[in-house]
Amino acid sequence: MSKYLLCIIGILLLLAGCGGGDGSSITSKNTNDSGSVAVMLTDGPADAYDSIWIWITEISLLSDDDADPVVVFESDDPGGWKVDLLELRDQDAVVTVKDDIPAGHYSKIRLRVADIQIEGGADAPCSPENIEIKLPSGKIDLKPKGGFDVVPGETIAIRLDIDCDKSINLHPAGKSGKCIFRPVVFVEIDTLDAIDECPRVTKGIIETILEGNTGFTLRLGNGRGLLTVLLDDDVVIFGENGVPVAPEEMWEALEPGQLVHVRGQLDNDGNLQASVIAIGNVVLVKGIVEAPYVEIPDEGGTFTLDLLPPHEFTENIVDVDVSEDTLVMSGCDQPTDTGDIQTGMMARVVGKVSLGDQSIKAIAVLLKDVNITGMLEDVSDQDSEGGYVLFVQVDDTEPVETVEIYMPTGVEPRIKNIGPVPIEELQRLTDCGQMVGVSITVESKDTLPMIAIDVRVDTVTVEGELQSAAPANDTKPVVFTLVGGETIAIPSTVKIDPPNTNIMLGDYLVIIGLITCEEDDYDYKAYKITITEP
């Protein structure tokens, strides 16, 4: 199966992406003239806001022969399926797995969106009340270069990554004083085994128990259809009371009509291979570990979590009780030990609420690498080992604190989905007093200096009609001037969407880049340009 990575910016926009070769066949439950399509939704970090809600009403596939769209998902609520994108940071939500998709060649994926709303983030560069949502048609068309095929008997995965960091203009656009939200969607199309999937808990109602007690069908909400859930001997099932069900009682505990929450991964046929199942309502919360895990003899153990919004508790600090059957994972889906639940770790907890003492009985504890966000104020010279020290003003401390983070050789600053940023450029910006937003994943907050695993650089997005272009010379790159007056340096390495396209005067451009020093003859340096519509 071919693989495509495509960046789409704007509405009613058809852009070419990156194409790839042929692939392998997969056993499937489909007829000879149809295949299956699994659709997943994810998002990268956007820590400045509490929630970014999107209401999706339909996802469909279109071909070039003007045939009717093939609907993969259609919400049974006219208002759409409501999803908080920030709940999908670095994990995948299963939208649907649709069988009996007519085999053939498709050129577009179409999203219909009823609404987008942003909550929280009053201290962010763009407060919610100052963000203008650009969604005039409610339609987003995604067009991979060369299209893609649904092959009889095969299952493909379509993964939609709505990048909130790139969608929100972190500085006021033009002279309007408004910040702009244009959906930026990265699309990955591949076989399910090739998708780097980090699973999210899927909620639904048990429809039927499969013959032979091998699993059950799960009816997903909002018209998302049925999902086949398969169980093996290692699955852990938690009852309504949050207590694990004995393996020999598993099929007595599960019955049609029950609400269940399932954590697991999709296999090649689009079935959900369950690792943990919780019967009844659960809470899903995230927070920072306030006090580390402490073992309690004959009872398991406990740790304290400082909750991040939104949550349903009256206090921000809650105790989390961990049993010997609690699933403890690190990163995406790597089993780990309870001893790794340490102060300062980010944790997501799936569990049952104990209303009497406002605590949580944990079904799963999902630990995440420690992340430091703030403004890069200085960069040291390279040391003998090839590393650098980054001096970062942490943005969630009062008073503002500057921390030192060591970036070893092999780790390089990068812009998500665009590419690396030369460390020399960051040094130059900090030397001239321009601080740059960064998000740095570190090994641990307890090690000084902290060691960087990944360094992501925040960008500035400007847009407008191209008014003029000054040619390059020996000391200066090409410089674009937009109608709003912004000037942008265009290096030869800039990425352009669609590729191999000549940019003309009058074109409407969305430019992702970095701010520059005052002595430069331009306001920004471009890393990516997309030709679009106003």
Side-chain angles (χ1 to χ4, degrees), residues 3-10 15-20 42-46 89-90 142 144-145 159-171 182-190 196 371 373 376 379 382 386-388 390 405 407-430 434 436-441 452-463 472 477-480 488-501 503 509-516 520 522-532:
K3 180 175 182 179
Y4 306 92
L5 289 177
L6 173 64
C7 176
I8 305 294
I9 302 183
L15 299 183
C18 307
T42 189
D43 169 53
R89 292 181 179 100
D90 304 318
L142 317 176
K145 181 181 180 181
R159 189 178 190 233
L160 307 176
D161 179 356
I162 302 180
D163 191 326
C164 293
D165 272 344
K166 298 293 182 293
S167 295
I168 298 177
N169 232 342
L170 293 183
H171 293 263
R182 286 179 179 271
V184 176
V185 184
F186 293 87
V187 179
E188 189 173 0
I189 302 175
D190 214 322
D196 185 16
N371 206 55
T373 60
L376 181 65
V379 180
Q382 188 177 39
Y388 296 84
L390 309 179
I405 302 174
M407 187 180 75
T409 181
V411 177
E412 59 181 348
R414 62 187 177 90
I415 299 172
K416 181 183 176 183
N417 295 316
I418 293 181
V421 177
I423 188 66
E424 294 80 11
E425 183 164 348
L426 297 180
Q427 284 180 316
R428 180 176 180 272
L429 289 175
T430 56
Q434 292 284 17
V436 181
V438 290
S439 179
I440 303 175
T441 302
I453 301 172
D454 182 51
V455 179
R456 286 182 288 110
V457 179
D458 294 344
T459 56
V460 175
T461 302
V462 293
E463 60 180 284
V478 174
V479 174
F480 284 179
I488 303 100
I490 312 297
S492 59
T493 55
V494 70
K495 294 186 177 182
I496 300 176
D497 271 337
N500 304 316
T501 301
I503 300 174
L509 308 178
V510 176
I511 298 172
I512 295 173
L514 295 178
I515 200 165
T516 58
D520 293 326
Y522 38 83
D523 301 320
Y524 307 100
K525 177 182 177 182
Y527 273 79
K528 184 169 185 178
I529 302 175
T530 299
I531 307 170
T532 181

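On a predicted model such as this, the values are computed, not experimentally measured, just so you know.
Put simply, the residue from Val457, Thr493, Ile511, Val421 that forms a side chain to side chain contact (heavy atoms under 4.5 Å, CB included) with Tyr527 is Val421.
For Pro408, the side chain to side chain contact (heavy atoms under 4.5 Å, CB included) criterion is met by Tyr406, Val411, Ile451, not counting sequence neighbours. Partners of Asp520 according to the side chain to side chain contact (heavy atoms under 4.5 Å, CB included) rule, which considers only residues two or more places apart in sequence or in another chain, are Arg428, Thr516, Cys517, Tyr522.
Distance check, rounded to the nearest 0.5 Å: CD1 of Ile529 to CD1 of Ile490 gives 3.5 Å. Residue Ile423 holds its CD1 atom at 4.0 Å from CE of Met407, rounded to the nearest 0.5 Å. Rounding to the nearest 0.5 Å places CD of Gln427 at 9.5 Å from CG of Leu376. Note that the CG atom of Leu509 and the CD1 atom of Ile503 stand 5.5 Å from one another [nearest 0.5 Å]. Atom OG1 in Thr530 sits 6.0 Å away from atom CD1 in Ile512 (nearest 0.5 Å). Leu514 contributes atom CG, which lies 13.5 Å from atom CG of Asp523 (distance to the nearest 0.5 angstrom).
Comment: Arg456 engages Asp454 in a salt bridge, judged by a side-chain N to carboxylate O separation of less than 4.0 angstrom.
Residues Pro491 and Ala489 approach most closely at CD-O, 3.4 Å, considering heavy atoms. Contact detail for Lys525 and Ile488: the closest heavy-atom pair is C-CG2, 4.4 Å. Here the closest heavy-atom approach between residue Ile440 and residue Leu390 is recorded as CD1-CD1, 3.8 Å.
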Verdict with supporting geometry, Val438 and Leu426, side chain to side chain contact (heavy atoms under 4.5 Å, CB included): CA-CA 11 Å; Val438 290; Leu426 297 180; 5.7 Å; no

Derivation and outcome, side chain to side chain contact (heavy atoms under 4.5 Å, CB included), residues Arg159 and Thr42: CA-CA 7 Å; Arg159 189 178 190 233; Thr42 189; 4.1 Å; yes

